[in-house]
Every structure is written in C-alpha cells, then in structure tokens.
Protein chains: 2
Amino acid sequence: MPRAATSSDVFNAVAEHQRRAILDFLAGDERPVNDLVNALGLAQPSVSKHLRVLRDVGLVRARRDGRQILYRTNASAIRPLYEWAGTFERFWGQQLRRIKERAESSHRPAREGGDRPHKPEKHKH
Amino acid sequence: MPRAATSSDVFNAVAEHQRRAILDFLAGDERPVNDLVNALGLAQPSVSKHLRVLRDVGLVRARRDGRQILYRTNASAIRPLYEWAGTFERFWGQQLRRIKERAESSHRPAREGGDRPHKPEKHKH
DNA sequence: TAATCATATTCCTATATCGGAATCTGTCAA
DNA sequence: TTGACAGATTCCGATATAGGAATATGATTA
C-alpha cells in the first residue's frame, strides 16, 4: 500500500510545503493563479495542480472572474487540524516541567523518590 | 519529484492516519510497543516502522525498560503544527460571517458565484 | 474570425511509501 | 547455555506522487 492520496484529507493535503505556502498566501482575500505563480516562483502548471488538490479537500474556494479564476483559502477547513493538535496542548506544560525537573536533578547526583512513581531507571547488567 | 519523505518534517509524519492514532494513544504516559499493537490492531512491524518515523521527527521519545521499550508522545513537537493552523484562526469568524451574508442575500437575485468556478451565462455577441 | 491571455489537464518518470512475511537483535528466565 | 519474549530491520511490490514539457480549454479582445 502506498501513501494515502494527497487529496484524501486535509492532513495529507497540507503535508506539502508549497501547498501550505499557497494557503498562507490565499488567506484573507482572493487572488488569481498568476499572483501565486509570481509570489511563489513556481511553474504555472505546478500551482494549478496544487490548487486542484487543495480544492478537492475543501481548503480553497474558487470563483471565475472573466479570464482569471480567483482562489481563496477556506480557513474553516483547517480547523480539524487545529483542533487535533490542540488536544495535546495540556501536555506541553506538563512535559516542559518534566524536562526541567530532569535538568535540575542532573546537578545533584543524589537520587530521591519523586512524587510520581515512575518505572525503574534504565539499568544495564 | 516524489512526495517529501514522511520523516522529513512533522507535517509529513502526521499526515498518516495510523501515526496520529499512535500519537493519541501515547499522549499522557508511556507505553510499550505491544500495547499499541493490541490497541490499534496493527501488525507489530508496522507499528515499529511508524514509531521509527515518529521518532525521527521528534514526535515520540523512547526509553528501554527491560525487555520492552516504552514510547511516549513528545507533545511539544506538535506545536509548530498547532501554531501554523492557528494563524488562520482569525479568518474563521470572518468566513462564517461571509457565508451568512450570502445565505441572507439568496432571497434576492444575488450576483457573485458560488464556491466553484461555474460557467457564466453565455455572453451576448 | 483569429489572436491572445489565464488556467487546467495530460503524459512522463524517479522515488518514497505502506503493508506483509521473514529474519535479526537484544533482554530475561531457567 | 537454551528458550522465549519484545522490538527492530530487511526485502518485496503496487501505487500516488511532484515537477517539467507539451497541450488543451475557456474567455476576452481586435
């Protein structure tokens, strides 16, 4: 089995660096494709293909305006990502605390039982 | 050029559904590999390979404890993702407002196309 | 009508991938 | 020691990819 398709969900679509750059550029207001080509320095077909992927997963919206097509980031499609990442938020502080503790205890060679019973130290035989 | 390596950055590593499941499971406290095998119903080699990717980008930390190796999610590595997604936060409300406006004006013969580029009326000639 | 601009699609190819099966490494117990 | 357990690694194969080049579609203007 190969990797999941880039257009299978937001996570896969957003994995590509250039597509994130496109979303950044298109946040706020709509722009024609050519603006992206100039701003990102990519070939026009590349931009079109990236936009296709982004549109397939709902990350951008498109609207024709005469000759050009105006794209705009659909920010709400990014929310699932934001919320998933946010579920780890409460562990950030926790982890920083743990690292700090470890750093402090490296000063003193003394080992003492902590408040939390953690598994036996890595020991070698 | 193929897709960027899964272990090239957090975004690519996290694109895979099973790896997100692993991160969810390993948030909070450390667990041996076998717990993951049982919890996710994946083959052991698959789990090991996913863990390898996650470790390469710093999303998990490993520690040997006797026969088993305990893994734990390194939540802080998820922050870049959270912060990138967060830059779009201010557009969510904005966009919801726009959608609402559009819905309200749908009573009247509103100009302005939908979310996809549709063929405009054949113009007169 | 033809010419031109703006964008999309198709064809091409090297490559990283995921899962499965088999195998290897390392640790503990008797 | 041997055996058993816990994980990691290697080999395999089908597949979706990203970029480049060439081409196609669609809209406007002369």
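Every chain is numbered from 1 and lettered A, B, ... according to where its sequence line falls, protein lines coming before strand lines. Values in this document were obtained by computation on a predicted structure and should not be read as measured data.
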Review point. For DNA chain D, what residues of residues 12-24 of chain B have any heavy atom nearer than 4.0 Å?
Key: none
Any residue meeting salt bridge (Lys or Arg N to Asp or Glu O under 4.0 Å) with [X], in chain and number order, not counting sequence neighbours:
X	result
A/Glu83	A/Arg79
B/Arg52	B/Asp56
A/Arg31	A/Asp29, A/Asp35

Exercise for review: Give every residue pair that meets the ring-ring contact (aromatic ring centres under 6.0 Å, His included) criterion with at least one member in residues 58-85 of chain B, sequence neighbours excluded.
Suggested key: A/Tyr82-B/Tyr82, A/Trp92-B/Tyr82, B/Phe11-B/Trp84, B/Trp84-B/Phe88
Review point. Does anything in residues 17-60 of chain B pair up under ring-ring contact (aromatic ring centres under 6.0 Å, His included), and if so which pairs, sequence neighbours excluded?
Key: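 Listed by first then second residue: nothing to list.
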Point to revise | Qualifying residues under side chain to side chain contact (heavy atoms under 4.5 Å, CB included), relative to B/Val53, sequence neighbours excluded | key: B/Thr6, B/Ser7, B/Ala13, B/Arg19
**Study point:** Set of side chain to side chain contact (heavy atoms under 4.5 Å, CB included) partners for B/Ala43, sequence neighbours left out
**Key:** B/Pro45, B/Ser46
Revision key, fill the gap. Reading nucleotides 8-13 of chain D from 5' to 3' and marking B where a protein heavy atom lies under 4.0 Å of the base, S where only the sugar-phosphate is that close, and - otherwise, the string is BBB--B
Check your understanding: Any sub-3.5 Å donor-acceptor pair from B/Asn74's side-chain atoms to B/Arg61's backbone N or O?
Key ->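 Pair absent, no side-chain N/O of B/Asn74 close to backbone of B/Arg61.
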Protein-nucleotide distance ([X], atom [atom1]; [N], atom [atom2]), rounded to Å:
X	N	atom1	atom2	answer
A/Leu42	D/dG20	CG	P	8 Å
B/Arg64	D/dC5	CZ	P	16 Å
A/Glu30	C/dA6	CD	P	17 Å
A/Gln68	D/dT28	CD	P	11 Å
B/Arg3	C/dA16	CZ	P	13 Å
B/Leu40	C/dG19	CG	P	11 Å
A/His50	D/dG20	NE2	C1'	12 Å
A/Asn38	C/dA6	CG	P	10 Å

Review point. How many angstroms lie between atom OG1 of A/Thr73 and atom CD1 of A/Ile22, to the nearest 0.5 angstrom?
Key: 9.0 Å
**Study point:** Heavy-atom donor-acceptor pair, B/Arg67 side-chain to C/dC28 base, under 3.5 Å
**Key:**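 Yes.
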